[in-house]
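Order of the sequence lines sets the chain letters (A, B, ...), proteins ahead of strands, with each chain counted from 1. In what follows, every heavy atom counts, from backbone to side chain, and hydrogens, waters and symmetry copies are set aside.
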Protein chains: 2
Amino acid sequence: MEMDTAIKRLSAIAQDARLEVFRLLVKAGPDGMAAGEIARNLSVAANTLSAQLLVLSNAGLIRARREGRSIIYAIQYDAMRDLLVFLTEDCCGGRAEMCAPLATIAARCCSTSEGAAHEAPARSRRRR
Amino acid sequence: MEMDTAIKRLSAIAQDARLEVFRLLVKAGPDGMAAGEIARNLSVAANTLSAQLLVLSNAGLIRARREGRSIIYAIQYDAMRDLLVFLTEDCCGGRAEMCAPLATIAARCCSTSEGAAHEAPARSRRRR
DNA sequence: CCAATAATTCGAGAATCATTGAAATATGGA
DNA sequence: TCCATATTTCAATGATTCTCGAATTATTGG
């Protein structure tokens with residue numbers, strides 16, 4: 001990934017309203033949410049939100065699709081994944097101080113069933 | 001982690017010079033690098049760099065220690081790890097689109113020896 | 001076609017941020 | 001103590017960025 005792209009994405013989420021939008025859309029999943037719905041959730045003006053959605057879109061972190069009168073925004077998982085990969089590149093200059101925690105993140109995510117209220121099918125994954 | 005902290009850290013690395021400093025220090029590892037050495041590496045003025053190092057410090061991403069005439073900056077792995085955890089929180093709103101890639105990151109990191117030009121002693125680590 | 005809803009674009013003003021030269025502080029050695 | 005090295009602080013300037021009101025575009029239903 002190019003530095004330019006990474007910076008674009010980082011600055012996109014380095015702002016309170018946009019970080020909230022981002023997190024909201026991460027939670028919302030692939031189905032996404034309409035712009036108006038997002039605005040209501042975060043109590044931010046429609047036109048302000050529009051500008052912020054554009055920043056996130058231009059960074060490639062979210063994607064818009066029209067559905068009737070609404071425009072639905074949804075997270076782009078690949079973009080986020082690429083950014084995380086970029087940030088952790090060369091993290092092992094010989095040592096594992098950073099890598100070890102990464103494994104923890106992966107393990108915590110989707111395996112700890114703390115938030116598994118929505119019964120994920122969970123194709124048997126080997127533990128630990 | 002508080003949103004404020006996350007934003008502080010994200011904005012800290014959402015800028016070209018600082019992102020380069022950050023990546024350089026990630027590579028450098030716990031021993032860190034002197035401010036002057038960083039400046040030479042990135043060909044940026046000492047005073048400009050100083051301001052940027054302060055931003056990264058205030059964000060908690062790096063830490064300074066004096067050593068003789070030099071001031072050595074080193075990455076703070078914990079801060080970075082916490083940020084990554086924060087960014088991936090709630091990423092599993094039921095689906096694994098984002099989580100699966102995370103595991104890949106962890107696996108790629110420290111296991112793929114693609115960038116192992118600096119012959120890490122490699123205390124026998126199981127492959128793959 | 002007209003009105004209502006959903007969202008975006010435009011322009012301006014305020015606020016924040018990055019960079020620079022000049023001056024200041026801290027350390028180590030002669 | 002005096003000087004050179006290493007780095008930071010300060011103040012100013014220019015560049016970005018954020019937000020907001022007003023106007024605009026797109027879509028649906030009557």
Side-chain angles (χ1 to χ4, degrees), chain A residues 3-25 28 31-76, chain B residues 3-25 28 31-76:
Chain A
M3 281 266 293
D4 286 16
T5 309
I7 289 174
K8 218 170 172 183
R9 290 183 185 170
L10 287 169
S11 358
I13 52 176
Q15 200 259 3
D16 53 353
R18 285 196 303 261
L19 183 52
E20 286 189 307
V21 169
F22 178 78
R23 282 163 72 78
L24 191 60
L25 291 180
D31 292 347
M33 285 176 77
E37 202 182 346
I38 299 173
R40 254 169 274 126
N41 255 273
L42 308 181
S43 41
V44 57
N47 58 351
T48 300
L49 177 68
S50 192
Q52 287 157 343
L53 288 170
L54 187 63
V55 173
L56 287 166
S57 278
N58 285 338
L61 289 169
I62 64 176
R63 177 175 247 174
R65 67 173 192 277
R66 181 175 278 277
E67 212 162 89
R69 274 187 264 224
S70 301
I71 293 186
I72 312 284
Y73 287 90
I75 197 88
Q76 285 290 101
Chain B
M3 281 268 292
D4 285 15
T5 308
I7 290 173
K8 218 169 173 184
R9 291 184 185 168
L10 287 169
S11 359
I13 52 176
Q15 198 259 5
D16 52 354
R18 285 195 302 261
L19 182 53
E20 286 189 306
V21 170
F22 178 78
R23 283 164 70 79
L24 192 58
L25 290 181
D31 292 347
M33 284 176 78
E37 202 182 347
I38 299 173
R40 254 168 273 125
N41 254 274
L42 308 180
S43 40
V44 56
N47 58 353
T48 300
L49 177 68
S50 191
Q52 287 157 341
L53 288 170
L54 186 64
V55 173
L56 288 166
S57 277
N58 285 337
L61 289 169
I62 64 176
R63 177 175 247 175
R65 69 173 191 276
R66 181 174 279 277
E67 213 163 89
R69 273 186 267 222
S70 299
I71 293 186
I72 313 285
Y73 286 90
I75 196 89
Q76 285 291 100

Taking every heavy atom of B:Ala59 against every heavy atom of B:Ala12, the minimum-distance pair comes out as CB-CB, 3.8 Å

Here the distance between atom P of D:dT7 and atom CG of B:Leu53, to the nearest Å, is 10 Å

Query - Non-hydrogen side-chain atoms of B:Ile75 and B:Leu61 separated by less than 4.5 Å - result: no

In short, side-chain hydrogen bond (donor to acceptor under 3.5 Å, both in side chains) pairs touching residues 55-71 of chain B with sequence neighbours left out are B:Arg65-B:Glu67

What nucleic acid atoms does B:Ala39 come within less than 4.0 Å of, heavy atoms only: base, sugar-phosphate, or nothing? nothing

Residues 36-53 of chain A vs side-chain hydrogen bond (donor to acceptor under 3.5 Å, both in side chains), sequence neighbours excluded, gives none

Looking at every strand, decide which applies to A:Ala46 at a 4.0 Å heavy-atom threshold: base, sugar-phosphate, or nothing. base

The first and last nucleotides of DNA chain C lying within contact of chain A, meaning any atom under 4.0 Å from one of its heavy atoms, run from C:dA4 to C:dT9

Smallest heavy-atom separation, A:Ile13 atom then A:Leu19 atom, equals O-CB, 3.4 Å

A correct 5'-to-3' footprint of nucleotides 17-26 of chain D, with B, S and - meaning base, sugar-phosphate only and no protein heavy atom under 4.0 Å, is -SSBBB---S

Side chain to side chain contact (heavy atoms under 4.5 Å, CB included) filter on A:Ala46, not counting sequence neighbours, yields none

With sequence neighbours left out, the residues meeting side chain to side chain contact (heavy atoms under 4.5 Å, CB included) with B:Ala39 are B:Leu49

Applied to residues 8-19 of chain B, the salt bridge (Lys or Arg N to Asp or Glu O under 4.0 Å) test, sequence neighbours excluded, yields none

